[in-house]
Amino acid sequence: MDTHRSAFVAVVGRPSAGKSTLMNAICGEKVAIVSPVPQTTRNTIRGILSKPGCQLVFLDTPGIHDSEKALNKRLRDVADKALADADLVLYVIDSTRAPGREEEAIAGLLASHADKTFVAVNKIDARESDISRARLFVSERLPRSKVFDLSAEKGTGTEALVEALSLAAQEGPAYYPEEYYTDQEPVFRIAEIVREKVFLHTRDEIPHAVYVEYASHHMLDDGSLVYEGYLVVERESQKGIVIGKGGSFIKRIREEAEKELSDIFPYPVILSLKVRVDPNWKKDDKLLKKLFR
Ligand SMILES: Nc1nc2c(ncn2[C@@H]2O[C@H](COP(=O)(O)OP(=O)(O)OP(=O)(O)O)[C@@H](O)[C@H]2O)c(=O)[nH]1
Ligand SMILES: [Mg+2]
């Protein structure tokens, strides 16, 4: 019998390049939350693809962003650690955007990993997509890396990439049972889905001002899970926006999240959400380390 192969694959790239969308498309499940807001992902999210004889464990990371703010530094550390832990690297480039300084910095970071780096030129379905510009950028900086044109959103072009990653995986065990597609704890996934709804329905600084704090959970006799938590914001004015007129906004978040969570879990999820203000949460290094790993 053939030997089993496996690999940890770090998914890296600029914010909003489509890393989480691509990982979800490959794993066939919504493992990581997705939104048009840059820096949606704040943790390393594992997505697992098991095929006969091979398991790929994807490490979806926060987009690498040039900035010295404490939060951005923390997100960069999370991505750096995933890179260090990975056997292979999947570098996602948004073909609709001109590669600027940020893209240059990421390509520079990956130069020493070129042999184990696979490049996804993403969003080729979009009207603004410029595949040759992205390919030229890659060929000049990572000439030894294999490049794949794809659309993570439409799920087209991903098979060839998965095939190449599987071939590059070395002999190794299946780290997770075959039916697992992620290793996230239910309470973490619930908080993420709630955060996604906030990201999808707020603008400007609000998405980045929010985190979801877990308080407690319990099961009801009918088998439903009750999750209690806080939407933590930085300012009193943001609290008003997140609650909405007569509680309308938070109700919308709750209802949309509950609906989606009931598809993800085999039991209904009931959310009890409150809003609280913590003006310093983004400056608290200890808290950031605990929240973003
Ligand atoms: N047209 C098009 N849009 C895409 C594609 N892939 C992702 N997007 C969109 O791009 C936006 C960002 O996608 P994400 O998957 O959240 O990007 P990300 O790289 O994980 O972003 P961060 O977590 O913020 O670093 C979302 O609005 C997606 O719907 C694609 O193949 N085509
Ligand atoms: Mg993401």
Side-chain angles (χ1 to χ4, degrees), residues 9-27 30-47 56 58-67 71-72 74-83 86 88-111 113-114 116-142 145-158 160-162 164-165 192 196 199-200 207-208 292:
V9 186
V11 188
V12 300
R14 272 159 113 181
S16 277
K19 301 175 293 300
S20 300
T21 308
L22 179 55
M23 185 179 74
N24 292 346
I26 290 174
C27 296
K30 182 162 162 185
V31 182
I33 64 168
V34 167
S35 93
V37 182
Q39 296 195 305
T40 298
T41 304
R42 292 174 174 173
N43 296 69
T44 299
I45 309 281
R46 289 185 179 199
L56 299 173
F58 292 88
L59 310 168
D60 179 25
T61 64
I64 300 173
H65 178 57
D66 261 343
S67 154
L71 176 89
N72 290 312
R74 182 65 211 148
L75 296 181
R76 204 159 53 225
D77 287 348
V78 173
D80 285 347
K81 170 137 193 333
L83 263 182
L88 303 173
V89 177
L90 174 52
Y91 172 27
V92 184
I93 296 187
D94 179 346
S95 65
T96 68
R97 292 177 67 192
R101 200 164 50 94
E102 214 165 54
E103 202 73 77
E104 203 69 71
I106 298 170
L109 192 72
L110 297 179
H113 304 286
K116 60 172 192 177
T117 297
F118 295 76
V119 183
V121 171
N122 190 29
K123 307 196 187 180
I124 62 165
D125 62 285
R127 202 168 32 86
E128 311 81 15
S129 168
D130 187 337
I131 300 176
S132 27
R133 176 179 61 191
R135 278 195 166 254
L136 181 67
F137 175 83
V138 178
S139 67
E140 286 175 346
R141 283 145 192 96
L142 299 162
S145 300
K146 287 207 172 81
V147 187
F148 300 84
D149 303 333
L150 51 86
S151 164
E153 193 153 278
K154 305 261 180 265
T156 48
T158 57
L161 168 66
V162 168
L165 291 169
E192 286 287 274
E196 182 189 65
F199 269 56
L200 289 175
H208 297 297
F292 306 159

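Counting from 1, the numbers follow the sequence of the chain as shown.
Here the shortest heavy-atom pairing between Phe58 and Met23 reads CB-SD, 3.6 Å. When all heavy atoms of Ala82 and Ala10 are compared, the pair lying nearest together is O-CB, 3.8 Å. The minimum heavy-atom distance between Pro15 and Gln39, with the atom names listed, is CB-N, 3.8 Å. Considering every non-hydrogen atom in both Ser145 and Val119, the closest pair reads CB-CG2, 4.0 Å. Shortest non-hydrogen contact noted between Val37 and Ser16 is C-OG, 3.9 Å. When all heavy atoms of Ile93 and Phe137 are compared, the pair lying nearest together is CD1-CD2, 4.1 Å.
Glu196 contributes a side-chain N or O that, together with a main-chain N or O of Val34, makes up a donor-acceptor pair within less than 3.5 Å. Side-chain atoms of Arg133 come within 3.5 Å of backbone atoms of Ser95 as a donor-acceptor pair (strictly under, hydrogens ignored).
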Candidate pair Asp66 and Arg101, rule side chain to side chain contact (heavy atoms under 4.5 Å, CB included), full reasoning: CA-CA 9 Å; Asp66 261 343; Arg101 200 164 50 94; 3.3 Å; yes
Leu22/Ser20 under side chain to side chain contact (heavy atoms under 4.5 Å, CB included): CA gap, chis, key distance, verdict: CA-CA 5 Å; Leu22 179 55; Ser20 300; over 6 Å; no
Salt bridge (charged side-chain N to carboxylate O under 4.0 Å, His left out) between Glu103 and Arg141, intermediate numbers included: CA-CA 11 Å; Glu103 202 73 77; Arg141 283 145 192 96; over 6 Å; no
Leu161 vs Leu90, side chain to side chain contact (heavy atoms under 4.5 Å, CB included): CA-CA, chis, key distance, verdict: CA-CA 9 Å; Leu161 168 66; Leu90 174 52; 3.9 Å; yes
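The distance from atom SG of Cys27 to atom CG of Asp60, rounded to the nearest 0.5 Å, is 9.5 Å. Going from atom CG of Leu71 over to atom NE2 of His65 covers 9.0 Å, rounded to the nearest 0.5 Å. Going from atom CD1 of Ile131 over to atom CG of Asp149 covers 4.5 Å, rounded to the nearest 0.5 Å. Summarising the geometry, atom CD1 belonging to Ile26 is positioned 11.0 Å from atom OG1 belonging to Thr21; distances are rounded to the nearest 0.5 Å. Once rounded to the nearest 0.5 Å, the distance linking OG1 of Thr41 with CD of Glu192 reads 7.5 Å. In this structure, the separation between CZ on Arg14 and CD1 on Ile64 is 11.5 Å, given to the nearest 0.5 Å.
Of the residues listed (Leu109, Thr117, Val9), the one engaging Val89 in a side chain to side chain contact (heavy atoms under 4.5 Å, CB included) is Thr117, and it is the only one. Just one residue in the list Leu142, Val11, Val121 forms a side chain to side chain contact (heavy atoms under 4.5 Å, CB included) with Tyr91, and that residue is Leu142.
Salt bridge Asp94/Lys123: present, at least one basic N to carboxylate O contact under 4.0 Å.
Side-chain contact between Asp77 and Arg74 is present, with at least one heavy-atom pair separated by less than 4.5 Å.
Within a 6.0 Å radius of NZ in Lys116, more than 12 heavy atoms belonging to other residues, nucleotides or ligands are found.
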